[in-house]
Participant: 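Before anything else, here's the structure in question.
Start at 1 with the first residue, then count along the sequence. Counting starts at 1 for both ligands and their atoms, in listed order.
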Amino acid sequence: MKWLANWVMSRRSKQLLVRVAHRLPESGNIADIGSGTGHNAEAIRRLGKHHLREFDVADLHWVGPGPELISSSRIPVDDQVFDGLIMFFVLQYPMFPEELLRECRRVSRGPLLIIQSTYQGRLGRTLLAIREFFWGRFALRLASLAGLVHPDHDSLQPRHSFTRPELQNLFSRVGLVVVEVVPGEWWRLGVSRDLFILQPEPGAL
Ligand SMILES: C[S@@+](CC[C@H](N)C(=O)[O-])C[C@H]1O[C@@H](n2cnc3c(N)ncnc32)[C@H](O)[C@@H]1O
């Protein structure tokens, strides 16, 4: 069971890395916000060019050094200390995603690479909710049965779902410029794992 879970997560992190590796800064300090199991940060560490720091509201790691624990509205570092930031599949969880995004903008002087599932239409919204359940609380349950994590928190309770324009609006409200959107359609069923490449708006701190 542990082996299988590890295989699934390692494969997933390799696929995510293919989407973002060439968009990361050449080198430097990268923050992974909502780092989860730690597989994505480990995949980037293995490139050998970046120093990764992981942050999360809960410790769900089973590879790597684990996250620094944060509250949802405060990342405890100085302004612009990171050369880039990744945040994958997190924005559906915080009560106030805007606050978390403002913090992301504050701490990074380089690109913010955000992957977030978006939906189109009623079918897309329903399918996204089902996906969220399986990749969120159901996966957490399996991981805890396998003894990989302790499920003593509610950090995987989804509170929001977004369409692509809603997210783009959210980004611009917090002073993030959308440089590029790379859709990742899921079987043309109204769900897309969108990659947003964002830059902090100059002077928006
Ligand atoms: C679906 S998991 C994704 C984990 C990882 N980014 C990945 O793609 O494998 C969502 C993660 O977001 C974290 N999270 C939830 N609310 C958060 C918040 N307000 N700030 C930071 N992380 C949060 C959860 O604890 C969990 O680790």
Participant: State whether the side chain of Thr163 and the backbone N or O of Glu166 hold a donor-acceptor pair below 3.5 Å, judged by distance alone.
Facilitator: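 Pair found, side chain donor or acceptor close to backbone of Glu166.
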Participant: I'd like to check whether Tyr93 has a polar contact with ligand 1, where a contact means an N/O of the residue lying under 3.5 Å from an N/O of the ligand.
Facilitator: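 The answer is no, given that Tyr93 and ligand 1 share no N or O pair closer than 3.5 Å.
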Participant: Indicate yes or no: does Glu99 engage Arg102 in a salt bridge with an N to O separation below 4.0 Å.
Facilitator: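 No, no charged N to carboxylate O under 4.0 Å.
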Participant: Can you check which of Pro67, Ala58, Gly34 brings a heavy atom nearest to atom 22 (N) of ligand 1?
Facilitator: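 Looking at heavy atoms only, the winner is Gly34.
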Participant: With a cut-off of 3.5 Å and sequence neighbours excluded, list every side-chain donor-acceptor pair involving residues 179-195.
Facilitator:
unit_1 : atom_1 : unit_2 : atom_2 : d
Glu180 : OE2    : Arg23  : NH2    : 3.4
Ser192 : OG     : Gly184 : N      : 3.1
Ser192 : OG     : Asp194 : OD1    : 2.4
Asp194 : OD1    : Arg164 : NH2    : 3.2
Asp194 : OD2    : Thr118 : OG1    : 2.7
Asp194 : OD2    : Arg164 : NE     : 2.7

Participant: For Pro200, is there any backbone N or O sitting under 3.5 Å from a side-chain donor or acceptor partner on Arg105?
Facilitator: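 No.
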Participant: Given Thr37, Asp56, Ile33, Ile115, identify the one with the heavy atom nearest to atom 13 (C) of ligand 1.
Facilitator: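 Nearest heavy atom to atom 13 (C) of ligand 1 lies in Asp56.
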Participant: Excluding sequence neighbours, so at least two apart, what forms salt bridge (Lys or Arg N to Asp or Glu O under 4.0 Å) with Arg19?
Facilitator: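 Salt bridge (Lys or Arg N to Asp or Glu O under 4.0 Å) check on Arg19 returns nothing, list empty.
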Participant: Going by distance only, is there an N or O of Asn40 that falls short of 3.5 Å from an N or O of ligand 1?
Facilitator: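 Yes, there is a polar N/O contact under 3.5 Å.
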Participant: Does the pair Arg53/Asp32 count as a salt bridge with the N-to-O cut at 4.0 Å?
Facilitator: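 No, this pair does not count.
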Participant: Between Leu156 and ligand 1, which residue portion shows a heavy-atom distance shorter than 4.0 Å: side chain, backbone, both, or neither?
Facilitator: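 Side chain only; the backbone of Leu156 stays clear of ligand 1.
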Participant: Could you tell me, atom by atom, which parts of ligand 1 come under 4.0 Å of a heavy atom of Phe88?
Facilitator: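 With Phe88 as reference, the close atoms of ligand 1 come out as 3 (C), 5 (C), 6 (N), 8 (O).
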Participant: Atoms of ligand 1 less than 4.0 Å from Val90 heavy atoms?
Facilitator: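 Close to Val90: 12 (O), 22 (N), 23 (C).
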Participant: Ring-plane angle category for Phe55 and Phe82, please: parallel below 30°, perpendicular beyond 60°, tilted otherwise.
Facilitator: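 If you compare the ring of Phe55 with that of Phe82, the planes turn out perpendicular.
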Participant: Counting only N and O atoms by type, is there a donor-acceptor contact under 3.5 Å from the side chain of Gln116 to the main-chain atoms of Leu91?
Facilitator: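 Side chain of Gln116 to backbone of Leu91: a pair is present.
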Participant: Between His39 and ligand 1, which residue portion shows a heavy-atom distance shorter than 4.0 Å: side chain, backbone, both, or neither?
Facilitator: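 It is neither; nothing of His39 touches ligand 1.
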Participant: What atoms in ligand 1 come closer than 4.0 Å to a heavy atom of Leu60?
Facilitator: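 By the 4.0 Å cutoff, the relevant atoms are 25 (O), 26 (C), 27 (O).
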Participant: With nothing but distance in play, are any N or O atoms of Ser155 less than 3.5 Å from an N or O of ligand 1?
Facilitator: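 Such a contact does occur with ligand 1.
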Participant: Using a 4.0 Å cutoff against the non-hydrogen atoms of Gly36, which atoms of ligand 1 qualify?
Facilitator: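 So the answer, numbered in order with elements, is 4 (C), 27 (O).
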